[in-house]
Amino acid sequence: MSGTFTQDDRIALDVIKQAFCLDIIVFLDWETFYKSKANGGSKSFSLKSKTYPEYIFDERFHETGLGLVVDLDDRIDYGHGKDFYAEQMQKLRDARADGLRVGLVAHNTVFDGAICNWRYGLEFDFYFDTMLMRKYLAAHRPSSLGACARDEWPDDPALRKGNDLADVDGIKYEYITDEQHESLAKYCRQDVNLMRRLFLAYIPRIGLGESIELNAMNITLRGAIEPQFNIKDELLHEVIAEEKQKDGEAVVAAIEYCLEHDIEEVTPKTFGSNQQYEVLLRKFGLSVPKKISKSTGMLTPALGKGDPEYIRLQIDNPEHPTLYKARERVKSTIAQSRAERMLSVSATFRQHEFDDACMPFFLNYYGAGQTGRWSGGQKLNQQNNTRGGKHRLSMLAPEGYQIGVCDLSNIELRVNLWFCGQEDLLDNFRKDPSFDLYSDIATDIFGYKVAKKTHPDERQMGKAAALGLGFSMGWFGFQQYLASGPLGMEPMFKDDPFCRGVKNAYDVKHYAIKAMWHFLANTVMPVLVKGGELRFGPNDSYLARKDQIVLPSGRVLQYSNARYKGEETQSGVTIKVVFDSDKYDRWGKPVPKYLWHGLLIENIAQATARDILAEQMVNVNNELEATNLGWVMGSVHDELLAALVTHDVDRAYAIMEKHMSAAPSWAAGLPLANEGGYAKEYSK
């Protein structure tokens, strides 16, 4: 089943182990009980319906088999039963206790690593993941093990993922027959065989070098597998109570507003029901917009928070904010549900004797397919917790540590200015690292001096303008952007003249950015479609070629099958560029997505900022670990979080500041700055 490996394969594995200071690498795959809807009943028990903590700690969970192999051994061990699992996990614990450094490879390592850690107390010295490697190399392609194997070995039917797992769907371990166990063994061994071969194929393409991406991947996986934070429950209970109170206050105010206008029989349900809310708006003389429902194909009220038609209704009818607020509060329960989920996760870990740290930091490496940025995982989305809010404040460092937080100041803005060659504004940062361009833009907008501490609301408007308009957003799009409540702000409904004025003022001041929009549209995008090679950007460090933008870091933005497409409009036929996105329809065909210069410059700026943070993450983590001063726990947008030893916290935090002040060698001329601090709780 496993086949043979060449001498070159063995040399390659030795090089990999040396690069990451590993003595052995374990390739591992757990098979677990699951029940799909397709196999009886309406309820399922699977990863499709549950988060990893919910699934792995559920009383119904149990392992049905384990396959693993060390390095390139010919035999892939497979077994089942509690004694076999305990024996294999103990062998790995003993190896680490003897001083060996052990790496783990799986295809979805968060899941397999979580079983090892949460149920058997096993940690690894380095985590790899072939699924995430695939995302890095080809984010536009499916990353399942079967899809990876088909793409890697299209002409070798022996290297295919089996379908034997379906035979034990919904069957508990004690009822699995010997014949089914044999089938599972074949299936699991093949999975381990495939992931091991993918690992050897992918590593050279990613490149060892300084190993930025593989190290960043390891940090992310470690954070999601090994619990990082303790949780202060009482603050989360306060969040739940406060959210319920705010909901109630908003609804009561709206009902009273309706009574003042002689409209009766309004209940909290009125604001949660599209039909009842539509009727209510009509009673106030409002014309409710419609849209085509994606699920039914029929006309339906356009009353979603992000529906452009509903946003326009609120802009054109600003006299009813009480109604809109009640609708928003009733329909949005994110803050409350996140607090409830955090409490559930922490309570579950405590029940299983994770006392000092009872919640991992669930992030998805390469969560945003186009740009490669991290995204929130396991329905917690810790990246969206408000700075200074109680969700963050409830997260505590493990005993003996402080949480260090260091944030890259205005990184996307600075990268965009640098990429576009807006040197006059960059010089402000070079002369004064604390220069605040968001406040500077807000000063232009409002006509009076805006400062971060004294005018926070106006500065937020400047930030929204800088980030939105910098990516070629039009005045109407900017108007909708404000109304959607961007960047954690309250929705702002500004009239047409205001938004036009802000757009015009931005374009005049940011002439180099505007010039780059035209360059991308007229020069770069044709290369993506037609082919050839074009170097552009600072120091010609960006490369455009057919379907790809190669970033200075070496990472690639994919615009698969970029092509021109004619589209009929009221003014005639318009030629646009489309590419195959990473989304697939029910027939397995990629869903096309429009590419325009605004999306392209946004992708480039965000991807470049992401690569800067990734390199800094690895550099900070390496020095913290080398000096025994802590480790990086994860990232939230443009900031790093690290566990810093309390007894030498100033020295540890200075390491974060040092590395996050330095631009990578490929970003010469980009001025960086950071801010933050440390505390027992995640408060910065």
Side-chain angles (χ1 to χ4, degrees), residues 281 286-292 294 299-321 323-325 327-328 412-413 416 420 438 441-442 444-447 457-511 513-518 520-522 525 565 567-578 593-606:
L281 293 179
L286 302 181
S287 178
V288 177
K290 300 286 187 178
K291 65 178 180 181
I292 301 294
K294 292 182 179 180
L299 280 176
T300 187
L303 295 172
K305 179 181 178 180
D307 287 339
E309 302 90 347
Y310 182 55
I311 290 173
R312 170 52 62 180
L313 180 147
Q314 295 173 80
I315 292 170
D316 292 343
N317 302 276
E319 64 273 19
H320 306 300
L323 300 181
Y324 311 144
K325 185 66 176 179
R327 167 73 171 183
E328 179 188 352
E412 284 187 18
L413 171 67
N416 203 23
C420 298
Y438 297 151
I441 292 173
D444 292 341
I445 292 173
F446 294 102
D457 294 337
E458 291 91 335
R459 182 182 181 273
Q460 282 291 82
M461 174 67 77
K463 184 175 182 179
L467 296 179
L469 298 176
F471 300 141
S472 194
M473 186 180 285
W475 73 265
F476 182 65
F478 179 62
Q479 186 181 58
Q480 293 182 321
Y481 182 57
L482 294 177
S484 69
L487 308 171
M489 296 184 287
E490 287 293 316
M492 293 177 285
F493 301 99
K494 299 296 183 180
D495 59 25
D496 296 1
F498 176 86
C499 295
R500 283 196 183 98
V502 173
K503 167 64 175 172
N504 291 337
Y506 182 90
D507 286 356
V508 170
K509 187 168 187 172
H510 298 80
Y511 55 87
I513 289 179
K514 190 172 182 180
M516 180 58 79
W517 300 340
H518 294 291
L520 293 176
N522 300 323
M525 287 176 57
K565 179 182 179 182
E567 185 176 275
E568 290 191 15
T569 65
Q570 293 180 341
S571 56
V573 176
T574 300
I575 303 299
K576 296 185 176 181
V577 176
V578 298
K593 185 175 181 178
Y594 284 105
L595 178 64
W596 64 295
H597 62 273
L599 176 62
L600 186 56
I601 195 171
E602 181 179 18
N603 286 172
I604 289 172
Q606 291 181 347

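Ring geometry, F446 versus F498: the interplanar angle falls from 30° to 60°, so the pair is classed tilted.
Atom CG of L281 and atom OH of Y324 lie 7.0 Å apart (nearest 0.5 Å). In this structure, CG in L323 is found 10.0 Å from CD in Q314, a value given to the nearest 0.5 Å. Here the OG-NE2 distance, from S472 to H518, works out to 8.0 Å after rounding to the nearest 0.5 Å. In this structure, OH in Y481 is found 15.5 Å from NZ in K494, a value given to the nearest 0.5 Å. To the nearest 0.5 Å, atom CG of residue N416 and atom CZ of residue F471 are 5.0 Å apart. In this structure, N603 CG and L520 CG are separated by 10.5 Å, a value rounded to the nearest 0.5 Å.
The shortest side-chain heavy-atom distance between Y594 and L599 does not fall under the 4.5 Å cut-off. Proximity of L303 to R327: side-chain heavy atoms (C-beta onward) are separated by under 4.5 Å at one or more points. Taking 4.5 Å as the limit, some side-chain heavy atom of W475 sits within range of a side-chain heavy atom of D496. Taking 4.5 Å as the limit, every side-chain heavy atom of E309 sits out of range of all side-chain heavy atoms of K290.
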Trace of the side-chain contact (heavy atoms from CB on, under 4.5 Å) decision for I441 with H510:
CA-CA 11 Å; I441 292 173; H510 298 80; 4.1 Å; yes

Given C420 and I601, is the side-chain contact (heavy atoms from CB on, under 4.5 Å) satisfied, shown in steps?
CA-CA 9 Å; C420 298; I601 195 171; 3.6 Å; yes

Kindly determine whether L482 and M461 satisfy side-chain contact (heavy atoms from CB on, under 4.5 Å), including the steps that lead there.
CA-CA 8 Å; L482 294 177; M461 174 67 77; 3.7 Å; yes

Under the side-chain contact (heavy atoms from CB on, under 4.5 Å) criterion, do L299 and I292 qualify, and how do the steps go?
CA-CA 5 Å; L299 280 176; I292 301 294; 3.7 Å; yes

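Contact detail for A466 and L413: the closest heavy-atom pair is CB-CD1, 4.0 Å. Minimum interatomic distance between A465 and I445 (heavy atoms only, all atoms of both residues): CB-CD1, 4.0 Å. V288 approaches P301 most closely through the heavy-atom pair CG1-CB, 4.3 Å. When all heavy atoms of Y438 and L467 are compared, the closest pair comes out as OH-CD2, 4.0 Å.
Side-chain N or O atoms of D444 include none that pairs as donor or acceptor with a backbone N or O of A505 at under 3.5 Å. With hydrogens and angles disregarded, no donor-acceptor distance shorter than 3.5 Å links the side chain of K503 to the backbone of F476.
Under 3.5 Å, the side chains of Q479 and R500 contain no donor-acceptor pair of N or O atoms.
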